[in-house]
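All remarks here apply to the structure that follows.
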Amino acid sequence: MASKFLLIAQREYLSRVRKKAFIVLTLAVPLLLAGFGFVIAKMASSDNDTTDVIEVRDDSGLGVASRLVSTPQLRFETTTGTLADAKKGFQKAKHDGLVYLPAGLDVEKPTGVQFFGKGNISLKKQSAVESALNKAFSDLKMQKSGLTQDQLDRLRSKVDLQAVSLDDTGKEANSNALATSGMSYALALAIYMFIFIYGVQIMRGVGEEKSSRIMEVMLSSVKPFDLMMGKIVGIAAVGLTQFLLWGVLSFGVSSVVMPLLTGKDKPKTEVAAGTSAAGATAVVVADDDEPRSAGAQFDRSVDKQTAQASNPAGRFSFFNTLAELPLGTILFGFIIYFLGGYLLYGALFGAVGAAVDDQTDTQQFMFPITMPLILSYIVGVSVILRNPDGPVAFWMSMFPLTSPIAMVIRLPFGVPMWQLGLSIFLLILGFLGTVWVAARIYRVGILMYGKKVTYKELGKWMFYKG
């Protein structure tokens, strides 16, 4: 009986990997992903290189405009004249915004400040202007209390916080939330896509063979359960082959693309002062968002760039941290949940394909199957990533229908071994339960033609004898 099961799995595997579509897709996906990544990175880099020019009309008499600190992405230029003149000049100029500080502005409660823009103002731009104004008014409040500008500069501190992971044995390792979250997201996305793509292939393959009456011939020499599991395992092997090839090809392509993205990066070395056409006050550009004198700021900028140039590897601590994650546990858990989740959902997809005559009828049965998968992905990236040790993360990583995604999101953050073991045990029980249900539906539905199937009918099929 095992030989028939293996023959079916082999047939499913070879018939699919020999198709031109499989070969083309396997070769094209890494190239497309690398191309999209290259374009997105270049677009993001060019977006950071642009500088928005914001005109400032200050009638407050508090000198707020002179305290607005520019950044490489945002430059403030003060204007003269009335507000009406400032508006006209702003509309003619190719600037990105106009800030108006009215007369009689209260330092303690600065209300009435207006920000004019051409069209709707983006959230990023508005937040940057608000941040600069908040800092300027904070300076005014502190100076009002008797502090000088030099004292204000010395009062400011930026803490360079180094995150360190400490395990139960007292061993320390670098911790990077961005690297850990990035790996969690990538693993969850891989399982989510794999289950959906190849689960649907199982459903369609079963439906096509049923509609062509090939099943009637095949069932004369093999049991329905062996036929269903052979198709599931064969398509799983196809998916693993494709993912393995994608991984190898992606590594090769990334080794070519990454130097193109990082090899020509040059830090900015200029410290600029901007003026407007109507006359303006010079404003220091500070890349650390702190008000400083031009000379001090220039020295700080040069020191920062020199440090980056002398230690370029420091810019890639993201990848260094990945090497210090529990990669063995992550790889083991990923393989278990990768296969366990696929087999669990694959059996259900196969049962749906066997139950219906027309592929259009599968929608009514697809929703309850895919809902836990979709829910686990949405909750995973929005809740579990933020709190991987919380109650939501724990219970979703225990429930078999959601654990394949929920647990792999938690793995890079570290999971107690008893939780991992319990989750795998429950996943195995869930797989056995879904296979039993799917097999009972499959054996009846595969030879059922010309009848609209309902949930009540499926319930009866599970308890048919014979």
Side-chain angles (χ1 to χ4, degrees), residues 5 9 184 187-203 206 224-226 228-237 239-240 329-355 362 365-380 383-384 388 391-411 415-443 445 455 458-459 461-463:
F5 161 78
S184 297
L187 295 178
L189 183 61
I191 290 182
Y192 180 79
M193 292 178 60
F194 184 86
I195 291 176
F196 254 112
I197 293 173
Y198 296 101
V200 171
Q201 284 193 24
I202 294 174
M203 184 181 66
V206 172
F225 179 79
D226 294 327
M228 182 186 74
M229 290 306 299
K231 292 184 72 67
I232 292 174
V233 172
I235 295 176
L240 289 175
T329 303
I330 294 173
L331 181 61
F332 168 77
F334 177 73
I335 293 174
I336 293 295
Y337 287 100
F338 190 82
L339 295 176
Y342 165 77
L343 293 174
L344 186 149
Y345 278 97
L348 296 177
F349 278 113
V352 171
T362 61
F365 301 110
M366 284 282 289
F367 180 75
I369 294 176
T370 58
M371 194 61 197
L373 187 64
I374 297 172
L375 181 65
S376 62
Y377 181 76
I378 294 174
V379 175
V383 177
I384 299 178
V392 174
F394 173 79
W395 290 112
M396 290 193 71
S397 62
M398 295 297 127
F399 185 54
L401 291 175
T402 58
S403 63
I405 290 179
M407 183 56 84
V408 297
I409 291 178
R410 297 182 62 198
L411 285 176
V415 178
M417 293 305 297
W418 71 268
Q419 291 187 18
L420 183 60
L422 178 60
S423 177
I424 293 174
F425 175 73
L426 293 176
L427 179 63
I428 294 173
L429 289 182
F431 163 67
L432 295 176
T434 54
V435 167
W436 181 86
V437 171
R440 306 289 289 187
I441 295 174
Y442 191 92
R443 64 174 186 153
Y455 286 104
L458 290 178
W461 290 0
M462 287 191 291
F463 300 100

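Side-chain atoms are counted along with the backbone in the values below, which use heavy atoms only and exclude waters and symmetry mates. In what follows, residues are counted from 1 in the order of the sequence shown.
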*Begin from the C-alpha positions of Val379 and Ile405 and carry the test side-chain contact (heavy atoms from CB on, under 4.5 Å) through to its verdict.*
CA-CA 10 Å; Val379 175; Ile405 290 179; over 6 Å; no

Tell me which donor-acceptor pairs under 3.5 Å the side chains of residues 188-203 have, and how far apart each pair is, sequence neighbours excluded?
unit_1 : atom_1 : unit_2 : atom_2 : d
Tyr198 : OH     : Gln242 : OE1    : 2.1
Gln201 : OE1    : Arg16  : NH1    : 3.3

Which residues share a side-chain contact (heavy atoms from CB on, under 4.5 Å) with [X], sequence neighbours left out:
{"X": "Ala237", "result": "Tyr13"}
{"X": "Ser403", "result": "Tyr337, Ser423, Leu427"}
{"X": "Leu432", "result": "Ile428"}

From [X] atom [atom1] to [Y] atom [atom2], the distance as rounded to the nearest 0.5 Å:
{"X": "Met398", "Y": "Leu426", "atom1": "CE", "atom2": "CG", "result": "7.0 Å"}
{"X": "Ser376", "Y": "Ile384", "atom1": "OG", "atom2": "CD1", "result": "8.0 Å"}
{"X": "Ile330", "Y": "Ser184", "atom1": "CD1", "atom2": "OG", "result": "7.5 Å"}
{"X": "Phe425", "Y": "Leu422", "atom1": "CZ", "atom2": "CG", "result": "8.0 Å"}
{"X": "Met417", "Y": "Thr329", "atom1": "CE", "atom2": "OG1", "result": "5.5 Å"}

*asked:* Could you walk me through whether Ile424 and Met407 satisfy the side-chain contact (heavy atoms from CB on, under 4.5 Å) test, starting with their C-alpha distance in whole Å, then the side-chain angles of each, then the deciding distance to 0.1 Å, before giving a yes or no?
replied: CA-CA 10 Å; Ile424 293 174; Met407 183 56 84; over 6 Å; no

*Do Phe338 and Leu240 have side-chain heavy atoms sitting under 4.5 Å apart?*
yes

Mind listing the side-chain donor-acceptor pairs of residues 339-355 below 3.5 Å, one per line with the distance, residues two or more places apart or on another chain?
unit_1 : atom_1 : unit_2 : atom_2 : d
Tyr342 : OH     : Ile232 : O      : 2.8
Tyr342 : OH     : Ala236 : N      : 3.2
Tyr345 : OH     : Leu373 : N      : 3.4
Tyr345 : OH     : Leu401 : O      : 2.5

*Kindly state each residue pair satisfying side-chain hydrogen bond (donor to acceptor under 3.5 Å, both in side chains) with at least one member in residues 425-437, sequence neighbours excluded.*
none

